[in-house]
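Only one structure is covered here, and it is reproduced in the block below.
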Amino acid sequence: FFVTSLDGERVSLEQYRGKVVLLNVWATWCAPCREEMPSMERLYRRLSGRDFEILAVSVDEQVGRAVPADALRAFAADLDLTFPILHSAPNAPKNIQRIYQTTGVPESFLIGTDGVIYRRISGPTTWDSSQYRDQIIRLLGE
């Protein structure tokens, strides 16, 4: 897939080959998304310096157009998020929702260093719980 960073850069999962990636599909209007994001930030900070990355891909739209990057920046700033916030345009040819066959938001995928999806979660969760943190550490080979 290809998504866009808040700086307008094109980003793909391929750029993170060799890392464990938590791919989170979300939207600014989604209360459960907002609820789980702080636990994602705590996990991100706890595992900093390791081959782990969180890619939070917004699927927001405004009257058929992509939500401005400023709205996504404001959302991230409000929750003090430091992991990458990205956007997938709803009408993009390689839209993340079609590729991963998501059924709603939030929906998350834990992807190993080998590119295999090891966990798929629909709905919010507490990402910094020992259950997920331990699985990520195992996937990192630690």
Side-chain angles (χ1 to χ4, degrees), residues 1-48 50-141:
F1 65 83
F2 292 101
V3 294
T4 307
S5 74
L6 297 182
D7 297 326
E9 300 292 320
R10 189 169 133 160
V11 177
S12 76
L13 186 59
E14 179 69 24
Q15 293 170 244
Y16 297 91
R17 181 177 295 271
K19 291 189 174 199
V20 174
V21 174
L22 172 56
L23 175 65
N24 178 258
V25 180
W26 66 284
T28 57
W29 49 262
C30 165
C33 299
R34 178 177 278 277
E35 176 187 311
E36 80 172 347
M37 291 263 182
S39 72
M40 292 167 59
E41 180 63 27
R42 289 189 302 269
L43 176 69
Y44 188 69
R45 289 179 187 203
R46 182 152 188 189
L47 297 178
S48 70
R50 295 179 168 145
D51 284 334
F52 171 70
E53 190 62 75
I54 294 177
L55 302 178
V57 181
S58 160
V59 292
D60 279 287
E61 61 180 292
Q62 274 184 337
V63 194
R65 295 188 349 241
V67 170
D70 288 345
L72 298 178
R73 275 190 199 91
F75 181 92
D78 186 47
L79 293 175
D80 196 25
L81 303 177
T82 61
F83 51 81
I85 302 294
L86 308 164
H87 187 261
S88 179
N91 56 358
K94 296 204 173 198
N95 175 278
I96 196 162
Q97 291 172 291
R98 283 193 293 275
I99 292 170
Y100 282 83
Q101 300 175 358
T102 61
T103 57
V105 290
E107 195 154 344
S108 300
F109 303 85
L110 186 57
I111 304 167
T113 57
D114 54 3
V116 172
I117 296 172
Y118 285 89
R119 188 179 289 263
R120 177 181 188 158
I121 296 179
S122 296
T125 194
T126 305
W127 282 105
D128 62 335
S129 70
S130 61
Q131 171 187 1
Y132 301 118
R133 189 181 59 249
D134 292 349
Q135 183 176 18
I136 291 166
I137 290 169
R138 281 193 307 276
L139 289 171
L140 288 167

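Everything quoted here is computed from the prediction, not taken from an experiment.
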Euclidean distance, [Y] [atom2] relative to [X] [atom1], rounded to 0.5 Å:
X      : Y      : atom1 : atom2 : answer
Phe109 : Leu13  : CZ    : CG    : 11.5 Å
Gln135 : Leu110 : CD    : CG    : 5.0 Å
Cys33  : Phe75  : SG    : CZ    : 7.0 Å
Ser88  : Leu55  : OG    : CG    : 12.5 Å
Leu43  : Ile136 : CG    : CD1   : 4.5 Å
Met40  : Trp26  : CE    : CH2   : 9.0 Å

Strictly by salt bridge (charged side-chain N to carboxylate O under 4.0 Å, His left out), give each pair with a member in [range] just once, sequence neighbours left out.
range            : value
residues 25-38   : Arg34-Asp78
residues 122-132 : Arg42-Asp128
residues 106-126 : Glu107-Arg120

Heavy-atom closest pair, residues [X] and [Y]:
X      : Y      : value
Pro106 : Cys30  : CD-SG, 3.7 Å
Asp51  : Leu140 : O-CD2, 3.1 Å
Leu139 : Thr113 : O-CG2, 4.1 Å
Ser39  : Trp127 : OG-N, 2.9 Å
His87  : Val57  : C-CG1, 4.2 Å
Leu6   : Ile85  : CG-O, 3.5 Å

Could I get the full list of side-chain hydrogen bond (donor to acceptor under 3.5 Å, both in side chains) partners for [X], not counting sequence neighbours?
X      : answer
Ser130 : none
Arg73  : Asp70
Asp80  : Arg45
Asp7   : none

(request) With sequence neighbours left out, write down each residue that passes ring pair (Phe, Tyr, Trp, His ring centres under 6.0 Å) with Phe83, or none if nothing qualifies. (result)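 Scan of Phe83 (ring pair (Phe, Tyr, Trp, His ring centres under 6.0 Å), adjacent residues dropped) gives Tyr44.
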(request) Go through the structure and list residues passing ring pair (Phe, Tyr, Trp, His ring centres under 6.0 Å) with Tyr16, not counting sequence neighbours. (result)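 Scan of Tyr16 (ring pair (Phe, Tyr, Trp, His ring centres under 6.0 Å), adjacent residues dropped) gives none.
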(request) For the residue pair Glu41 and Leu79, establish whether any side-chain heavy-atom pair is separated by less than 4.5 Å. (result)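 They are not in side-chain contact.
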(request) Indicate yes or no: at least one non-hydrogen side-chain atom of Leu22 is less than 4.5 angstrom from one of Phe52. (result)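 In short, these two side chains touch, coming nearer than 4.5 Å.
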(request) Quick one: list whatever passes side-chain contact (heavy atoms from CB on, under 4.5 Å) with Arg46, sequence neighbours left out. (result)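 Scan of Arg46 (side-chain contact (heavy atoms from CB on, under 4.5 Å), adjacent residues dropped) gives Arg133.
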(message) Restricting to salt bridge (charged side-chain N to carboxylate O under 4.0 Å, His left out), what partner residues turn up for Glu9, sequence neighbours left out?
(response)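 Partners of Glu9 under the salt bridge (charged side-chain N to carboxylate O under 4.0 Å, His left out) test: none.
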(message) Arg50 vs Val20, test: side chain to side chain contact (heavy atoms under 4.5 Å, CB included). Steps then yes/no.
(response) CA-CA 9 Å; Arg50 295 179 168 145; Val20 174; over 6 Å; no
